[in-house]
Amino acid sequence: MRKKITIEDAKISDQQVQLYCGKNIVLENAVATGQMLVDSDNLSFIYIIEHQEEYQYIELTKCIWEELKIGLEQNLPVYLYGEGNLELTNFQDELRYLIDNIEGNSNYGEEMVAEVERIFK
């Protein structure tokens with residue numbers, strides 16, 4: 001089973017988007033995959049990292065989408081913070097791609113489409 005880490009807070013600071021999950025996750029030897037998915041049932045984007053030979057899902061729920069939007073507009077790098085930090089490579093390109101695919105696409109569900117269009121456009 002994949003481990004899911006839900007981001008509870010996001011801040012724009014030091015010219016970057018900083019993501020925090022509320023518990024201290026170990027990021028030593030973690031690797032950013034540069035890949036994202038959509039979980040439309042939970043209204044979230046998922047960034048995938050690899051840690052100790054397993055994939056972990058970083059869940060980005062709509063409670064932090066405003067900060068993600070600012071990061072997109074300013075093309076800021078995105079970092080996951082815990083015990084250490086990890087740059088989530090290719091984040092902005094993946095997020096733009098997903099947003100473009102979600103807009104007007106009923107395959108993602110009405111609520112996901114409506115929220116993405118409301119916040120990101």
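Hydrogens, waters and symmetry mates are skipped; everything else that's a heavy atom, side chains included, is used.
Remark: the backbone N or O of L60 is paired with a side-chain donor or acceptor of W65 at under 3.5 angstrom.
Considering every non-hydrogen atom in both Q15 and P77, the closest pair reads O-CD, 3.4 Å.
Within 6.0 Å of the CD atom in E50, the count of heavy atoms belonging to other residues, nucleotides or ligands exceeds 12.
Residues passing the side chain to side chain contact (heavy atoms under 4.5 Å, CB included) test with C63 are T61, sequence neighbours excluded. In this structure, Y108 has no ring-ring contact (aromatic ring centres under 6.0 Å, His included) partners at least two apart in sequence or on a different chain. Listed by chain and number, the residues in a side chain to side chain contact (heavy atoms under 4.5 Å, CB included) with E83 are N24, V26 (sequence neighbours excluded). For Y57, there are no ring-ring contact (aromatic ring centres under 6.0 Å, His included) partners, not counting sequence neighbours. Partners of Q18 by side-chain hydrogen bond (donor to acceptor under 3.5 Å, both in side chains), not counting sequence neighbours, listed by chain and number: Q16, Y20. With sequence neighbours excluded, the residues forming a side chain to side chain contact (heavy atoms under 4.5 Å, CB included) with E67 are A10, I12, I64, listed by chain and number.
Put simply, CD on E59 and CG on L19 are 12.5 Å apart, with the number rounded to the nearest 0.5 Å. With rounding to the nearest 0.5 angstrom, the NZ atom of K62 is 3.5 Å from the CD atom of E115. The distance from the CE atom of M112 to the OG atom of S44 is 6.5 Å, given to the nearest 0.5 Å. I5 CD1 to Q56 CD: the interatomic distance, rounded to the nearest 0.5 Å, is 4.5 Å.
Inter-residue side-chain proximity for L95 and V78 is flagged as unmet; no heavy-atom pair is nearer than 4.5 Å. Counting heavy atoms from C-beta outward, C21 and I7 have side chains that approach closer than 4.5 Å. Inter-residue side-chain proximity for L27 and Y81 is flagged as unmet; no heavy-atom pair is nearer than 4.5 Å. The shortest distance between side-chain heavy atoms of L88 and I49 falls below 4.5 Å.
Neither L80 nor I46 shares a network with the other; the hydrophobic side chains, linked directly or stepwise wherever heavy atoms of I, L, V, M, F, W or Y lie under 4.5 Å apart, form separate groups for each.
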Side-chain donor-acceptor pairs under 3.5 Å in residues 28-38, sequence neighbours left out?
unit_1: T33; atom_1: OG1; unit_2: Q35; atom_2: N; d: 3.2
unit_1: T33; atom_1: OG1; unit_2: I48; atom_2: O; d: 2.6

Donor-acceptor contacts, no H, no angles, side chain residues 97-104, under 3.5 Å, sequence neighbours left out:
unit_1: Y97; atom_1: OH; unit_2: N101; atom_2: ND2; d: 3.4
unit_1: N101; atom_1: ND2; unit_2: Y97; atom_2: O; d: 3.1

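Pairs engaging residues 38-47 under the salt bridge (Lys or Arg N to Asp or Glu O under 4.0 Å) rule: K4-D39 [sequence neighbours left out]. Residue pairs satisfying the salt bridge (Lys or Arg N to Asp or Glu O under 4.0 Å) criterion with at least one member in residues 72-82, sequence neighbours excluded, are listed as follows: K69-E73. Applying the salt bridge (Lys or Arg N to Asp or Glu O under 4.0 Å) definition to pairs two or more places apart or across chains, those involving residues 7-17 are D9-K11.
Note on ring orientation: taking the six-membered ring where Trp is involved, the planes of Y47 and F91 are parallel (angle under 30°, cut-offs 30° and 60°).
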